[in-house]
Amino acid sequence: MRLFLAAWETVTAKLGLLPLPFFPPPQAILEVVVDDRARLGACIFASFRLLAIGYFLGAAVGFVTGVAIGWSRLANYWIHPVLRFIGPLPATAWLPLAFFIFPSSFSASIFLIALATGFPVTVLTWSGVGGVNSAYYDIARTLGAGQRFLVLKVAIPAAMPHVFVGLFMGLGTSFAVLVVAEMLGVKAGLGWYLQWAQGWAAYANMYAALLIMALLCSGVITLLFRLRDRLLSWQKGLVRW
Amino acid sequence: MVVAAAPSEGAHPVNKNPVRGTTLTVREVSHSFDLEGQPLPVLDRINLRIGRGEFAALLGPSGCGKSTLLRLVAGLDSPSAGGLFVEGKAIEGPDPSRIVVFQDPTLYPWRTVWGNVALGLEARGLLRTHRERVEDALRLVGLSGFANAYPHQLSGGMSQRTALARALVNDPNLLILDEPLGQLDSLTRLTMQGELVSLWQRAGFTALLVTHDVEEALFLAGRVIVLSERPAQIRAEIVNGLPYPRHRGDPHLAELRREVFAHLGLDAIW
């Protein structure tokens with residue numbers, strides 16, 4: 001890491017090999033972060049808030065829908081066609097329509113992020129619930145379990161590994177939609193900052209925003225991993241952890 | 001066709017609490033599966049009556065339909081023809097008074113041993129009031145120290161014992177065992193056969209064991225029902241009057257073994 005920073009500093013500030021202003025030295029980025037910290041801070045907060053609300057909403061709706069489709073034939077019959085039609089469409093295609101329908105850019109962005117998250121979570125929850133070993137159900141039924149127990153205490157725990165795959169996929173797509181939605185609509189946020197900096201040709205600011213975005217995404221993914229480690233700790237002996 | 005057993009010195013070997021078990025009547029049961037559009041008959045007019053507290057074994061070659069009959073008794077499937085009755089009442093679906101122990105223990109990997117054994121109580125909402133039954137069941141099968149272990153940490157014998165505890169904690173009237181020791185190595189199998197007998201004697205439930213192992217059937221059961229190949233019919237019913245605990249080298253047992261092999265068409269090797 002230090003070697004990389006040193007090399008970068010040398011190539012840009014000292015030797016001027018890579019042309020300014022497109023390739024600022026690390027000290028410039030540091031300067032930006034320190035000088036503009038108030039605005040950057042507000043942007044980080046705005047982005048994170050958008051991501052969190054959109055993601056949780058999308059994940060929750062996706063999970064419930066997935067369980068419903070996986071469990072009930074009736075739900076499957078009605079919801080499946082909707083899913084097949086809306087789901088594969090990239091959420092960004094909805095952008096113009098969303099900003100038109102929803103009252104504020106905030107709610108429109110939330111909708112888009114939720115949509116991007118919801119589809120993979122639904123599909124993978126559905127596949128998880130549908131793939132539960134039927135012997136698990138047989139055993140629970142002979143022990144006197146009712147439908148509610150079968151869904152809540154057998155189907156859902158058994159499907160959790162699949163659900164987490166869906167959650168990770170949803171996180172990835174939600175990042176992409178977050179940045180695009182911010183670039184086009186909101187008043188604050190890292191995507192907005194990126195575009196704003198580009199308008200001024202302030203490349204150091206752009207790099208700073210990108211760096212912070214990378215850190216934020218990486219941090220959120222780590223959080224999700226931590227959650228998975230706790231909920232799926234029973235898999236430790238079964239699969240390569 | 002019923003063949004009487006060798007005489008025994010002691011009394012008829014029922015267990016000490018015969019009132020606890022339940023009677024099972026299988027009347028003219030036939031069943032067939034649908035295989036590529038054609039019906040595949042697996043059971044052919046099975047008639048059976050098992051008394052309270054009895055330990056009966058269904059013996060037959062692989063694929064003859066024994067496990068299908070067990071699923072019908074458990075209530076997981078309905079027969080194509082005929083009826084099954086417990087204490088005179090028709091079997092309509094699964095019930096916690098009739099519990100199956102399958103060949104594969106199928107423990108829930110996300111639950112600890114304690115959680116798996118408590119499953120039946122939890123499913124019926126009895127866990128809070130009958131919590132101590134879980135510990136009792138674990139003690140019965142000798143797994144008291146492993147309550148917090150996960151299924152992937154258990155050996156084959158321990159998993160099957162957990163499955164047994166999971167069945168016993170619900171105090172079933174009829175315990176159905178579908179080749180429960182089939183996946184274990186022979187040493188563990190021999191030990192667990194002895195454990196099964198003592199559990200049965202202590203609890204007093206009616207036990208129905210399905211096995212393809214002649215030795216196991218003769219060692220454990222008071223009555224061995226020999227089934228033919230698919231579609232299964234009852235070839236013979238052999239009553240084993242030997243008292244418990246049985247000794248594998250008992251000459252009476254050898255006689256019974258010869259009878260059974262004769263019915264299975266394998267008497268040339270004995």
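Remember, predicted model here, so these are calculated numbers, not experimental data. Just so it is clear: chains get the letters A, B, ... in the order the sequence lines come, proteins before strands, and each one is counted from 1. Side chains are part of it too, since the values below use all heavy atoms of this structure and drop only hydrogens, waters and symmetry mates.
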Crowding at CD, Glu132(B) (>12 non-hydrogen neighbours, <6.0 Å): yes

Please list, in residue-number order, every residue in residues 141-170 of chain B that has a heavy atom less than 4.5 Å from any heavy atom of chain A; write 'none' if there are none. Tyr150(B), His152(B), Arg166(B), Asn170(B)

Is there a donor-acceptor pair under 3.5 Å between the side chain of Tyr108(B) and the backbone N or O of Val154(A)? no

Run the side chain to side chain contact (heavy atoms under 4.5 Å, CB included) test on Phe149(A) and Leu119(B) for me, step by step, so that the C-alpha distance in whole Å, both residues' side-chain angles and the decisive distance to 0.1 Å come before the verdict. CA-CA 10 Å; Phe149(A) 189 86; Leu119(B) 195 64; 3.9 Å; yes

Step through the shown structure and confirm whether more than 12 heavy atoms of other residues, nucleotides or ligands are within 6.0 Å of CZ on Phe56(A). no

Count the heavy-atom pairs under 4.5 Å between each of Asp95(B), Thr106(B), Asp104(B) and chain A, then report the option with the highest count. Thr106(B)

Stepwise, does the side chain to side chain contact (heavy atoms under 4.5 Å, CB included) test hold for Ile139(A) with Phe102(B)? CA-CA 9 Å; Ile139(A) 291 190; Phe102(B) 291 98; 4.0 Å; yes

Which heavy atom of Ile99(B) sits nearest to which heavy atom of Thr142(A), and what is that distance? CG1-O, 4.2 Å

If you tally heavy-atom pairs under 4.5 Å against chain B, which of Ala158(A), Ala135(A), Ala145(A) wins? Ala158(A)

Among Arg111(B), Glu122(B), Arg98(B), residue most engaged with chain A (heavy-atom pairs, under 4.5 Å): Glu122(B)

Which pair of heavy atoms, one from Pro96(B) and one from Gly144(A), lies closest together, and at what distance? CD-CA, 3.8 Å

Is it the case that more than 12 heavy atoms not belonging to Phe48(A) sit under 6.0 Å from its CZ atom? no

If every non-hydrogen atom of Trp234(A) is compared with every non-hydrogen atom of Pro109(B), which pair is closest and at what distance? CB-O, 3.4 Å

Do the non-hydrogen side-chain atoms of Arg124(B) and Leu143(A) ever get within less than 4.5 Å of each other? no

Side chain, backbone, both or neither of Leu107(B) within contact of chain A (heavy atoms, under 4.5 Å): backbone

